[in-house]
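Computed over heavy atoms, backbone and side chain alike; hydrogens, waters and symmetry mates excluded. Quantities reported herein were computed from a predicted structural model and do not represent experimental measurements. Letters A, B, ... are given to chains in the order of the sequence lines, protein chains preceding strands, and every chain is numbered from 1.
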Amino acid sequence: MTDSKLYIYNTLKRERELFEPLHPGFVGMYLCGPTVYGDAHLGHARPAVTFDVLFRYLTYLGYKVRYVRNITDVGHLVNDADEGEDKIQKKARLEHLEPMEVVQQYTLAYHRNMGQLNVKPPSIEPRASGHIIEQVLMIEKIIEHGYAYISEGSVYFDVKRFEKDYPYGELSGRVTEDLQHNTRELDGQSEKRNPLDFALWKKASPEHIMHWPSPWSEGFPGWHIECSAMSAKYLGETFDIHGGGMDLLFPHHECEIAQSLGANGKQPVRYWMHNNMLTINGQKMGKSLNNFITLDELFSGKHSLLEKPYSPMALRFCMLQAHYRSTIDFSNKGLDDAEKAYSKLSDIYLLLKDMNWNGTTVNLEVEKTLSSFEQDCIDAMNDDMNTAIVLSNMFKVSTNVNIFSTSGKTEGVSKETFEKFKNAYCTFFTDILGLVPNESAAQSGEEFGNLVDSLLEVRNEAKKKKDFTLADAIRNVLSKFVTLKDSADKTSWKHEKKK
RNA sequence: GGUCCUGUGGCCGAGUGGCUAGGCAGAGGUCUGCAAAACCUUGUACGGCGGUUCGAAUCCGCCCGGGACCUCCA
């Protein structure tokens, strides 16, 4: 357990594996990013936060990490009713905007939301539309190697042919024979030799606005090729970590593997990582179910299912409290709990940040608790990124910090251990888990702070004179804006957004 | 229908063949003019039925419930 090496669950192997990067000291990771045809919703937040924490942790471990997260701004079908119309094109028509205008608008919105969640920007954020050439070149290679065929100006991946040389379905545990029976009729099916074949390039129908020239037709790339082409370009034909939601396991990631093997003859990814999905009040989130919550709606509280606005950090915390491979159920109660719990750890952070060692004795138990804190957190992260245990460790030490704070003495701990612990707590809170401390007095603005302090002076005067009616009246007024904490000698306060 | 995951105390949510998860809520107490905050104490849970084992909530089988994917989806 304390062997202090990172183990991650590899979907390909279906077990935890020791993480060893291809090139010592360097890590290449790729995450399937958003399709920018609509507002970012709760579902976008999960992989973004999950792999943000991984990115941060790998960096903390000393790796030089290149993190690539794409923006999908071409292709992708909506559903049967849309007859294969390009998502982005459809939206553009509805809003009478240029497709790239829509892309820009939602890309900026996505970035804004990610910023609110304190998700770090990736090292490279490539766009599918900017890598048409790379995709065409990759398709050509696949054709050359005999794993794809041209049909009516479109190019399809030949799964049957591919299966003669490589296994297909390993990642998702699919057996092609079973899939045959369960495949539905889709647009363009007649052009395919086999229902399992998937498009690498699609000829654009006349009403398609977004299309590019290619050796086969004016058209657009297939649904899966962009990730293969862009990950290979920036991370190499084989790289370390590929992440995404479990829903992308099949067909998306399966197809990525097939394409890369077909083009380069190499397994593209060494560790496949998949975050689980989320539900709303126990139900799958989906537009048709009317429980689809965008991040803007969550942060503003403007959604019929929400009782109040929830802060980005409440959401982030909520996700960190669960393991990334478990489903998370969102509810007002769950978010309320997360908000309170987060606020508690945030208070501890703020107290600790400005605390200096001034102890006189060493208590074995306190010393032990605080000295093992850092290693306990590292062990938890090393165990397939168990952020829930990290948070649990943080709660365990919160009592110690509160006692230090109320007593004004860091009693029971050696200076060395205290410094190490303080540093570890702050590092894990902000740098690794990526939490931003709650708005403190200092951040509320000087004037606001002065006003509160002045009122508290009056209240303390009143208290001295035992005029509790006045003192309580002031407290009642203030409690609409801040939370007061009376201690023996002074009253501290915390700015909090009230319901 | 096929493939796979899952069922933990009031709620959320880790974990796991014998040793404390944690949070929220609740109860009692300390402090306090009162309250809040903080601190102390308190809960003996692992869907059901069998099996393996010295020992299972943890492994196996069956049953029941929930979910995901198989079609764009994070």
B/rA74 phosphate, OP1 or OP2, under 4.0 Å from A/Thr35 side-chain N/O: yes

Selected nucleotide, minimal atom distance to A/Gln321 side chain, candidates B/rG22, B/rC72, B/rA14: B/rG22

Side-chain H-bond candidate by donor/acceptor type, A/Asn276 with A/His323, under 3.5 Å: no

Plane angle bin for A/His253 and A/Trp272 - parallel if under 30°, tilted between 30 and 60°, otherwise perpendicular: tilted

Among B/rC72, B/rG2, B/rA38, the nucleotide that comes nearest once only the side chain of A/Trp223 is considered: B/rC72

Sub-6.0 Å ring centroid separation between A/Tyr30 and A/His242: yes

5' priority, RNA chain B, between A/Asn386 and A/Asn400 [closest heavy atom]: A/Asn386

Touch class at under 4.0 angstrom, heavy-atom based, for A/Asp329 against every strand present: sugar-phosphate

Sugar-phosphate, base or nothing in reach of A/Gly173, heavy atoms under 4.0 Å: sugar-phosphate

Stems where RNA chain B pairs, listed by first number, each of three or more Watson-Crick or G-U pairs under 3.5 Å: B:1-7 with B:64-70, B:10-12 with B:22-24, B:26-30 with B:38-42, B:47-51 with B:59-63

4.5 Å side-chain heavy-atom contact, A/Leu433 and A/Thr387: yes

At a cut-off of 3.5 Å, list every protein nitrogen or oxygen paired with a nitrogen or oxygen from nucleotides 30-34 of chain B, distance to 0.1 Å.
unit_1: B/rG33; atom_1: N1; unit_2: A/Asp472; atom_2: OD1; d: 3.1
unit_1: B/rG33; atom_1: N2; unit_2: A/Asp472; atom_2: OD2; d: 2.7
unit_1: B/rC34; atom_1: O2; unit_2: A/Arg475; atom_2: NH2; d: 2.9
unit_1: B/rC34; atom_1: N3; unit_2: A/Arg475; atom_2: NH1; d: 2.8

Touch class at under 4.0 angstrom, heavy-atom based, for A/Ser331 against every strand present: nothing

A/Phe330: which of A/Leu315, A/Ile293, A/Thr279 passes side-chain contact (heavy atoms from CB on, under 4.5 Å): A/Leu315

Tabulate atom names and distances for all N/O pairs under 3.5 angstrom spanning the protein and nucleotides 24-26 of chain B.
unit_1: B/rC24; atom_1: OP1; unit_2: A/Lys344; atom_2: NZ; d: 3.0
unit_1: B/rC24; atom_1: OP2; unit_2: A/Lys344; atom_2: NZ; d: 3.4
unit_1: B/rC24; atom_1: O2'; unit_2: A/Asp337; atom_2: OD1; d: 2.5
unit_1: B/rA25; atom_1: OP1; unit_2: A/Lys340; atom_2: NZ; d: 3.4

Full working for side chain to side chain donor-acceptor pair (under 3.5 Å) between A/Asp379 and A/Gln375: CA-CA 6 Å; A/Asp379 288 345; A/Gln375 191 59 47; 2.9 Å; yes

Distance, nearest 0.5 Å, that separates CZ of A/Arg459 from CZ of A/Phe468: 10.0 Å

Plane angle bin for A/Tyr168 and A/Phe198 - parallel if under 30°, tilted between 30 and 60°, otherwise perpendicular: parallel

Whole-Å gap separating P (B/rC70) and CG (A/Leu171): 14 Å

Test salt bridge (Lys or Arg N to Asp or Glu O under 4.0 Å) applied to A/Glu457 - qualifying residues, sequence neighbours left out: none

Six-ring centre of A/Tyr9, A/Arg325 cation under 6.0 angstrom, axis tolerance 45°: yes

Minimum-distance nucleotide to A/Ile389 side chain [options: B/rA74, B/rA14, B/rC70]: B/rA14

Geometric class of the A/Phe428/A/Tyr57 ring pair [parallel <30°, tilted 30-60°, perpendicular >60°]: tilted

Within 6.0 angstrom of A/Glu365 CD, more than 12 heavy atoms from elsewhere: no

A/Thr406 vs B/rC39: side-chain N/O to OP1/OP2 distance below 4.0 Å: no

Separation of atom CD1 in A/Ile328 from atom P in B/rA74, rounded to whole Å: 17 Å

Shorter than 3.5 Å, N or O on both sides, protein versus nucleotides 17-20 of chain B: list them out with atom names.
none

Sugar-phosphate, base or nothing in reach of A/Leu42, heavy atoms under 4.0 Å: nothing

Sugar-phosphate, base or nothing in reach of A/Met277, heavy atoms under 4.0 Å: base

Listed partners of A/His44 passing ring pair (Phe, Tyr, Trp, His ring centres under 6.0 Å), at least two apart: A/His41

A/Glu254 CD - B/rU71 C1' separation (whole Å): 16 Å

Whole-Å gap separating C1' (B/rC72) and CZ (A/Phe220): 13 Å

Row check, A/Tyr7 ring normal vs A/Arg16 NZ/CZ: under 6.0 Å, within 45°: no

A/Tyr310 ring center within less than 6.0 Å of A/Phe299 ring center: no

Residue closer to the 5' end of RNA chain B, A/Gly43 versus A/His323 (nearest nucleotide): A/His323

Integer-rounded Å distance: B/rG2 C1' and A/Arg174 CZ: 9 Å

Rounded distance (Å) that lies between atom P of B/rC73 and atom CG of A/Asn275: 14 Å

Touch class at under 4.0 angstrom, heavy-atom based, for A/Ser326 against every strand present: sugar-phosphate

Pairwise C1' distance, B/rA45 and B/rG15 [rounded to whole Å]: 13 Å

Separation of B/rA14 C1' from A/Met319 CE (nearest whole Å): 17 Å

